[in-house]
Amino acid sequence: MEKGSLLYEGKAKRVYATEDPALLIVSYKDDATAFNGLKRGTIEGKGVINNRMSNALMRYLAKEGIPTHYVKELNDRDTLVKKVKIVPLEVIVRNMAAGSFAKNYGVEEGTAFDSPTIEFSYKNDALGDPLLNEYHALALGLAAPEEIEEIKTLSFRTNELLKAFWLARGVTLVDFKLEFGRLPDGSIILADEISPDTCRLWDSETGKKLDKDRFRRDLGGVEEAYREIMGRLEDRTEADGAAADENR
Ligand code: ADP
Ligand code: UDP
């Protein structure tokens, strides 16, 4: 499948049309932004890592029954996905206090919750992605009530699956952001990406941050952290694959 016209250039990815109107190609860049675009930079090799990691995680989620946009990895940076109409909500699931939650509510970062929590932001760069509740989303016509229910169910299920996936690799899933979209038949599927740009991932033993917070907070070792978290994913996934082969 070849790239057609450039439909959209975002902060981290480019989106291209293809000869099939139901499919798009997303192309991952090394560009990094934070604080609603105020901080900008480049993380060498990030596009390759985010592409491959997001695809591996979506394949795993799909196997476990989560519908996703993933179709096929075309090369290191480009992936074929199902075209959806994005629901303009950023869905954030948290297992521990961190980032804006820790700041807004005066909780120490790393405080674990008894059960996961969810929140929504209005995906709107001009407004700075403001936090909103379900009633606000309904009032703004961003999603139907059944869609919000479906999004919550899929998000919590995705959290359980991703938490277990990372735990097996010595990594704590602190929080993450998801985006969902509608297929032409109206069904809701997981879209966009799942990567160190969109998740907080801490080494379970040392607490070392292996995600975009190293860039946001100028902690140094940004590229190394992206390579380390990708290594964790690949080493264990290969071992699982080999074990599965032996059992065949
Ligand atoms: P941003 O728009 O926040 O700068 P990106 O640089 O990641 O983000 O751009 C990718 C864009 O593609 C996002 O707006 C995202 O919502 C959108 N997108 C992701 N997956 C799909 C999909 N399957 N179909 C249509 N749009 C998608
Ligand atoms: N996040 C994201 N995109 C955003 C905002 C947040 O991917 O536009 C992710 C972020 O990486 C973290 C989680 O969502 O894993 C929660 O982020 P938070 O609300 O704490 O915001 P931040 O501290 O990044 O401003």
Side-chain angles (χ1 to χ4, degrees), residues 6-18 20-40 46-47 50-51 54-55 58 67-72 77-105 107 109-110 116-132 155 159 162 166 171-184 187-202 209-217 229:
L6 176 67
L7 298 178
Y8 176 80
E9 171 141 16
K11 298 184 288 289
K13 301 191 281 306
R14 294 188 186 91
V15 181
Y16 295 90
T18 69
D20 183 338
L23 301 175
L24 299 173
I25 292 173
V26 291
S27 185
Y28 286 72
K29 307 190 282 184
D30 287 349
D31 299 355
T33 62
F35 314 118
N36 204 23
L38 279 177
K39 183 179 170 81
R40 286 168 188 277
K46 172 173 84 81
N50 285 7
N51 181 44
S54 189
N55 292 341
M58 293 234 186
T68 86
H69 73 163
Y70 174 78
V71 177
K72 187 174 185 235
R77 288 185 187 266
D78 300 337
T79 293
L80 192 63
V81 300
K82 292 179 189 164
K83 179 179 183 169
V84 295
K85 283 219 157 61
I86 292 286
V87 176
L89 291 173
E90 297 204 336
V91 182
I92 292 167
V93 180
R94 302 176 188 271
N95 297 304
M96 285 182 162
S100 64
F101 188 100
K103 183 165 167 272
N104 290 342
Y105 305 118
V107 189
E109 201 162 65
T117 179
I118 197 165
E119 70 203 44
F120 302 102
S121 311
Y122 181 14
K123 191 174 151 59
N124 183 320
D125 279 340
L127 298 175
D129 295 343
L131 202 62
L132 46 62
S155 298
N159 180 46
L162 291 181
W166 284 116
V171 174
T172 302
L173 177 62
V174 174
D175 59 27
F176 58 97
K177 182 266 298 180
L178 298 175
E179 292 182 26
F180 292 88
R182 301 178 188 99
L183 287 175
S187 58
I188 294 277
I189 65 172
L190 183 60
D192 205 49
E193 69 176 278
I194 311 174
S195 71
D197 275 16
T198 65
C199 303
R200 286 196 170 94
L201 299 161
W202 296 355
K209 293 179 178 23
L210 299 172
D211 57 56
K212 195 173 156 186
D213 270 348
R214 301 206 76 84
F215 169 78
R216 293 191 190 99
R217 303 179 185 186
I229 193 73

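In this text, all values refer to a predicted model and were calculated from it rather than measured experimentally. We count residues from 1, following the sequence as given. For ligands, and for the atoms within them, numbers begin at 1 and follow the listed sequence.
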Could you tell me, atom by atom, which parts of ligand 2 come under 4.0 Å of a heavy atom of [X]?
| X | answer |
| --- | --- |
| F176 | 14 (O), 15 (O) |
| C199 | 11 (O), 15 (O) |
| K177 | 1 (N), 2 (C), 3 (N), 7 (O), 9 (C), 14 (O) |
| D197 | 7 (O), 11 (O) |
| G99 | 20 (O), 23 (O) |

Working to the nearest 0.5 angstrom, can you tell me the gap between [X] [atom1] and [Y] [atom2]?
| X | Y | atom1 | atom2 | value |
| --- | --- | --- | --- | --- |
| R182 | I189 | CZ | CD1 | 12.0 Å |
| T79 | E193 | OG1 | CD | 10.5 Å |
| R200 | D175 | CZ | CG | 4.5 Å |
| D211 | I229 | CG | CD1 | 8.0 Å |
| F180 | I86 | CZ | CD1 | 10.5 Å |
| T198 | E90 | OG1 | CD | 10.0 Å |

> Which one holds for D211 and ligand 2: side chain close, backbone close, both close, or neither close, with close meaning a heavy atom under 4.0 Å?
Replying inline: neither
Closest protein heavy atom to [atom], given as residue, atom name and distance to 0.1 Å:
| atom | answer |
| --- | --- |
| atom 15 (C) of ligand 1 | D192 OD1, 3.3 Å |
| atom 25 (C) of ligand 1 | V84 O, 3.3 Å |
| atom 4 (C) of ligand 2 | E90 OE1, 3.4 Å |
| atom 4 (O) of ligand 1 | K11 N, 2.7 Å |
| atom 6 (C) of ligand 2 | I92 CD1, 4.2 Å |
| atom 6 (O) of ligand 1 | A12 N, 2.7 Å |
| atom 11 (O) of ligand 2 | R216 NH2, 2.9 Å |
| atom 17 (O) of ligand 2 | R200 NH1, 3.5 Å |
| atom 7 (O) of ligand 1 | K13 NZ, 2.5 Å |

> Hey, mind stepping through D129 and N36 against side-chain hydrogen bond (donor to acceptor under 3.5 Å, both in side chains) and telling me if it holds?
Replying inline: CA-CA 8 Å; D129 295 343; N36 204 23; over 6 Å; no
> Which one holds for L24 and ligand 1: side chain close, backbone close, both close, or neither close, with close meaning a heavy atom under 4.0 Å?
Replying inline: side chain
> Relative to ligand 1, is H69 under 4.0 angstrom through side chain, backbone, both or neither, heavy atoms considered?
Replying inline: side chain
Is [X] in polar range of ligand 1, meaning some N or O pair under 3.5 Å apart?
| X | result |
| --- | --- |
| D125 | no |
| K82 | yes |
| V81 | no |

>> Pair Y28, V26 - check side chain to side chain contact (heavy atoms under 4.5 Å, CB included), show working.
In response: CA-CA 7 Å; Y28 286 72; V26 291; 3.9 Å; yes
Who gets closest to [atom] by heavy atom: [options]?
| atom | options | result |
| --- | --- | --- |
| atom 15 (O) of ligand 2 | L201, D175, L178, D213 | D175 |
| atom 21 (O) of ligand 2 | A98, A12, S100, S121 | S100 |
| atom 21 (C) of ligand 1 | I86, T79, N50 | I86 |

> Heavy-atom contact under 4.0 Å between R94 and ligand 2?
Replying inline: yes
> Does ligand 2 have any atom that is closer than 4.0 Å to a heavy atom of V174?
Replying inline: no
>> With the threshold set at under 4.0 angstrom, would you say K123 reaches ligand 1 through any of its heavy atoms?
In response: yes
>> Does the protein place a non-hydrogen atom closer than 4.0 angstrom to atom 19 (O) of ligand 2?
In response: yes
> Given Y70 and N55, is the side chain to side chain contact (heavy atoms under 4.5 Å, CB included) satisfied, shown in steps?
Replying inline: CA-CA 7 Å; Y70 174 78; N55 292 341; 3.4 Å; yes
>> Please identify which of these residues, D125, T33, D31, meets the side chain to side chain donor-acceptor pair (under 3.5 Å) condition with K11.
In response: D125
> Picking from N50, D192, D197, what satisfies side chain to side chain donor-acceptor pair (under 3.5 Å) with K13?
Replying inline: D192
